[in-house]
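This report refers to the structure that appears directly beneath it.
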There are 2 protein chains.
Amino acid sequence: MKKKLSIVDIANALNVSKTTISFILNGRAQEKRISAELVETVMKYVEEVGYKPNSLAKSLRTGKSNTIGLMVEDISNPFFASIARLIEERAYKNGYKIIYCSTDNDTQKTKELIDMFRDRHVDGYIISPPEGIEEDIESLTKDGMPVVLFDRHLPNVDTDFIEIDNLFSTYNATRHLIDQGFKNVAFVTFASNQTQMIDRVKGYQNAIEAAGLPVLIKEILFNQKEELIMNPLREFMIQNTNIDAILFGTNHIGTCGLKIMQEMGKNTPTDIAIISFDDYEVFELYSPPVTAIAQPIDEIADNVISVLLEKLDYHSASTKLKGVILKTNLKIRKSSIKASA
Amino acid sequence: MKKKLSIVDIANALNVSKTTISFILNGRAQEKRISAELVETVMKYVEEVGYKPNSLAKSLRTGKSNTIGLMVEDISNPFFASIARLIEERAYKNGYKIIYCSTDNDTQKTKELIDMFRDRHVDGYIISPPEGIEEDIESLTKDGMPVVLFDRHLPNVDTDFIEIDNLFSTYNATRHLIDQGFKNVAFVTFASNQTQMIDRVKGYQNAIEAAGLPVLIKEILFNQKEELIMNPLREFMIQNTNIDAILFGTNHIGTCGLKIMQEMGKNTPTDIAIISFDDYEVFELYSPPVTAIAQPIDEIADNVISVLLEKLDYHSASTKLKGVILKTNLKIRKSSIKASA
DNA sequence: CTGAAAGCGCTAACAT
DNA sequence: ATGTTAGCGCTTTCAG
């Protein structure tokens, strides 16, 4: 059990050629008309000595690594962590392993990461792409690599992608706020040209304009550091004292918003009503519970991995590209309900 | 740029032997006394055509895959996700990539996962081990594989490990509750024989017994499903109406506990004081903010990866095993402060 | 039905 | 100082 045995070891032990062993191990015994009893012998022996083919050698030979590269914005963000969890599970079940990394929405870092993945000969890519990565993704697909984007897509790049209906989601949430009677509804989000962000802004804007209300948008530079989110947010709040409702564009901004509210002693929903994008334990437990736009995590993960596996299977087949758009669920909780005055 | 070029392609193009190229690329030019100008030429050409050595072939040849296997209990748990994030970063910086998976604390699943990692020739293992995995870990170390355990260790297996001072953490937290004047302090945790859990129970028990108070422990079967945590918890609460403070053994149980409190209309800390293990955004934002035992995430990740990298470097050197025990930080918030009656 | 042999791309003795 | 060559362990023609 100590020594790593190779296919030739077992071939020798059984006095058979390694070719035969290889065929048997790869289920091509039938096809090659290898005697059932030989198959049996080999299988038993392999089992017995615990022989495992060297997957590195196999990969080198076949060009397949049975690895999927997963690039999320930030694995420590619960949204991405949950999706990664589900994807991981499905992937392993299908004989693929996942190597992952966080892009931080940093284009340069992402480029390097893609390079590394290429280096490693991953068989397929799952990416929540940052801006400016179009060329690299294109070069990937051009070289025939299966790529599935999620959470957002790249407008001018043809790939499969899975996302949610961002525009309707924020439109709907904003409408809800308006219906409740709020007049100065702000939208706070990250400054970004990513498709999902643009749509979220649009959804808000459409609803507000349709209602003839003032558009109040605060864009914050993307950053993981909490302070750099909270500072501009605090400023915004101070400068716009008339705001009576806020829609937060991401879970991270949402929680920061909650902190600001606490810090400033604002009550929800009496002083300011709140809705956040992404559902999240903290929103459910907060008092009052925070209304949230819940993304269908399971469905997203399911679709992502299904689409990718499909491409991996019929590698050649010109399965046409798919853009899947999933529905979100507005979970209405107390934070967005107008106090019956 | 389309065709994958190999080392021999570039050797031919430059009319040099591939050995020379190999040496240059691996920084052994000096050592091999290769002329500076040749080195220059080669480097420039390599850069120009964007040649990247095939890491698979390299791995096959050298037996090193530059991959670290990371096995956490559940990547979607914020504690593990945060650690994974930090480990990932440090690993990539050092030229290692991470392949990861969640064990679910399932021994059988973990065994298979370890097998898979072995198959993939990962160079080192970072594991938060479930119970019953002793033999497999041992066989790993016996075969000379670098292994670092974290969050817990295996009592009868000699490995490096990084953990926190669980016993003192719960002891301290319990003392705090007692000092506040609470008389019926319960401890709710997962039923487990893992070292960290055992110590957490002991810490609680020691403090309680030292104070001559009644020991009130509720153990819940490990499960991800929220309902299967909440049901027994609810039952426990109903059967022990005299409890005036609870210490929760993990973040997951903690948030479930919060939900139960809300559901039962219990006020914190007037009806029941609360402390949870693991700090977590939700605890900070909750009203009242929840006292929590904060683990030093950064330090844990730092230590884990440092220890592993060290072992990876001096592979042979008999660096003696390290058990690192880190301190936690009891973040005292309102939920555990006795209302001045 | 089975075996010999080539070769995936790279490294490292061993020449020269 | 640079080139030759033998594998790492596997798959896969091509011949028996």
Side-chain angles (χ1 to χ4, degrees), chain A residues 3-43 45-46 49-67 95 118-123 315, chain B residues 3-43 45-46 49-67 95 118-123 315:
Chain A
K3 298 232 55 110
K4 255 302 190 190
L5 30 205
S6 81
I7 197 170
V8 33
D9 291 325
I10 103 116
N12 287 339
L14 261 34
N15 257 315
V16 190
S17 130
K18 60 176 181 165
T19 311
T20 310
I21 306 291
S22 175
F23 283 146
I24 294 178
L25 257 29
N26 291 318
R28 303 177 57 186
Q30 295 269 34
E31 174 189 342
K32 294 296 177 181
R33 265 164 267 196
I34 293 168
S35 73
E37 58 180 328
L38 212 205
V39 173
E40 170 109 2
T41 318
V42 171
M43 290 309 249
Y45 183 72
V46 162
V49 300
Y51 164 75
K52 299 266 185 183
N54 179 327
S55 51
L56 244 30
K58 197 170 191 159
S59 293
L60 177 59
R61 186 62 234 249
T62 60
K64 268 205 71 178
S65 63
N66 273 294
T67 303
R118 272 195 110 118
D119 246 49
R120 300 298 184 161
H121 293 246
V122 303
D123 295 332
H315 203 279
Chain B
K3 298 233 50 109
K4 255 305 194 188
L5 27 209
S6 83
I7 197 169
V8 31
D9 290 325
I10 102 116
N12 287 340
L14 261 36
N15 256 313
V16 191
S17 129
K18 60 175 182 166
T19 311
T20 311
I21 307 290
S22 175
F23 283 146
I24 294 178
L25 258 29
N26 291 317
R28 301 177 58 186
Q30 294 270 31
E31 174 189 339
K32 295 293 176 182
R33 263 165 268 194
I34 293 168
S35 73
E37 58 180 328
L38 212 205
V39 173
E40 170 109 1
T41 319
V42 171
M43 290 311 251
Y45 184 73
V46 162
V49 299
Y51 163 75
K52 299 266 185 184
N54 179 325
S55 51
L56 244 30
K58 196 170 190 160
S59 293
L60 177 59
R61 186 60 235 246
T62 61
K64 269 204 71 179
S65 64
N66 273 291
T67 304
R118 271 197 110 117
D119 247 48
R120 299 300 184 159
H121 293 246
V122 303
D123 296 331
H315 204 280

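The structure displayed is predicted, hence computed values, not measured ones. Lettering follows sequence order; numbering is per chain, from 1.
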Taking C-beta and beyond as the side chain, do Met43(B) and Ile24(B) meet within less than 4.5 Å on heavy atoms?
->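 They are in side-chain contact.
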
Any side-chain heavy-atom pair of Ile10(B) and Val16(B) under 4.5 Å =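 No; the side chains remain at least 4.5 Å from each other.
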
Side chains of residues 50-61 of chain A: which donor-acceptor pairs under 3.5 Å do they make with residues two or more places apart or in other chains?
{"residue": "Asn54(A)", "atom": "OD1", "partner": "Leu56(A)", "partner atom": "N", "Å": "2.7"}
{"residue": "Asn54(A)", "atom": "OD1", "partner": "Ala57(A)", "partner atom": "N", "Å": "3.1"}
{"residue": "Ser55(A)", "atom": "OG", "partner": "Asp119(B)", "partner atom": "O", "Å": "2.7"}
{"residue": "Ser59(A)", "atom": "OG", "partner": "Ser55(A)", "partner atom": "O", "Å": "2.9"}
{"residue": "Ser59(A)", "atom": "OG", "partner": "Lys64(A)", "partner atom": "O", "Å": "2.9"}

Return the value, rounded to whole Å, for the distance between atom [atom1] of [X] and atom [atom2] of [N].
{"X": "Ile21(A)", "N": "dT12(D)", "atom1": "CD1", "atom2": "P", "answer": "16 Å"}
{"X": "Leu38(B)", "N": "dG3(D)", "atom1": "CG", "atom2": "C1'", "answer": "12 Å"}
{"X": "Glu37(B)", "N": "dA1(D)", "atom1": "CD", "atom2": "P", "answer": "13 Å"}

Rounded to 10 degrees, the angle between the two terminal axes of the helix from dC1(C)-dG16(D) to dT16(C)-dA1(D), each from five pairs =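 The end-segment axes of the helix from dC1(C)-dG16(D) to dT16(C)-dA1(D) are tilted 50° relative to each other.
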
Please check the phosphate of dG3(C) (OP1 and OP2 only) for any side-chain N or O of Thr20(A) closer than 4.0 Å.
->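 The answer is yes; a side-chain N or O of Thr20(A) sits under 4.0 Å from OP1 or OP2.
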
Pairs satisfying side-chain hydrogen bond (donor to acceptor under 3.5 Å, both in side chains), at least one member in residues 28-41 of chain B, at least two apart |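 Sorted result for residues 28-41 of chain B: Arg28(B)-Glu31(B).
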
Please collect all side-chain hydrogen bond (donor to acceptor under 3.5 Å, both in side chains) contacts where either partner lies in residues 12-21 of chain B, sequence neighbours excluded, each pair once.
->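 Only Ser17(B)-Thr19(B) qualify under side-chain hydrogen bond (donor to acceptor under 3.5 Å, both in side chains).
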
Whether each nucleotide of nucleotides 5-12 of chain C has a protein heavy atom under 4.0 Å at its base (B), only at its sugar-phosphate (S) or at neither (-) is summarised, 5' to 3', as BBBBBBBB

Taking side chain to side chain donor-acceptor pair (under 3.5 Å) as the test, write out the residues that go with Arg118(B), two or more places apart.
->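 With sequence neighbours excluded, Arg118(B) shows a side chain to side chain donor-acceptor pair (under 3.5 Å) to Ser139(B), Asp143(B), given in chain and number order.
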
Applying side chain to side chain contact (heavy atoms under 4.5 Å, CB included) between Leu5(B) and each of Val8(B), Ile7(B), Asp9(B), report the one that passes.
->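 Testing each of Val8(B), Ile7(B), Asp9(B) against Leu5(B), the sole residue satisfying side chain to side chain contact (heavy atoms under 4.5 Å, CB included) is Asp9(B).
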
With heavy atoms under 4.0 Å as the rule, sort Ser59(B) into base, sugar-phosphate or nothing.
->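 The answer is nothing, as Ser59(B) stays clear of every strand by at least 4.0 Å.
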
Provide the closest heavy-atom pair for Asp123(A) versus Gly63(A) in the form atom of the first, atom of the second, distance.
->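 Closest approach of Asp123(A) to Gly63(A), heavy atoms only: OD1-O, 4.2 Å.
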
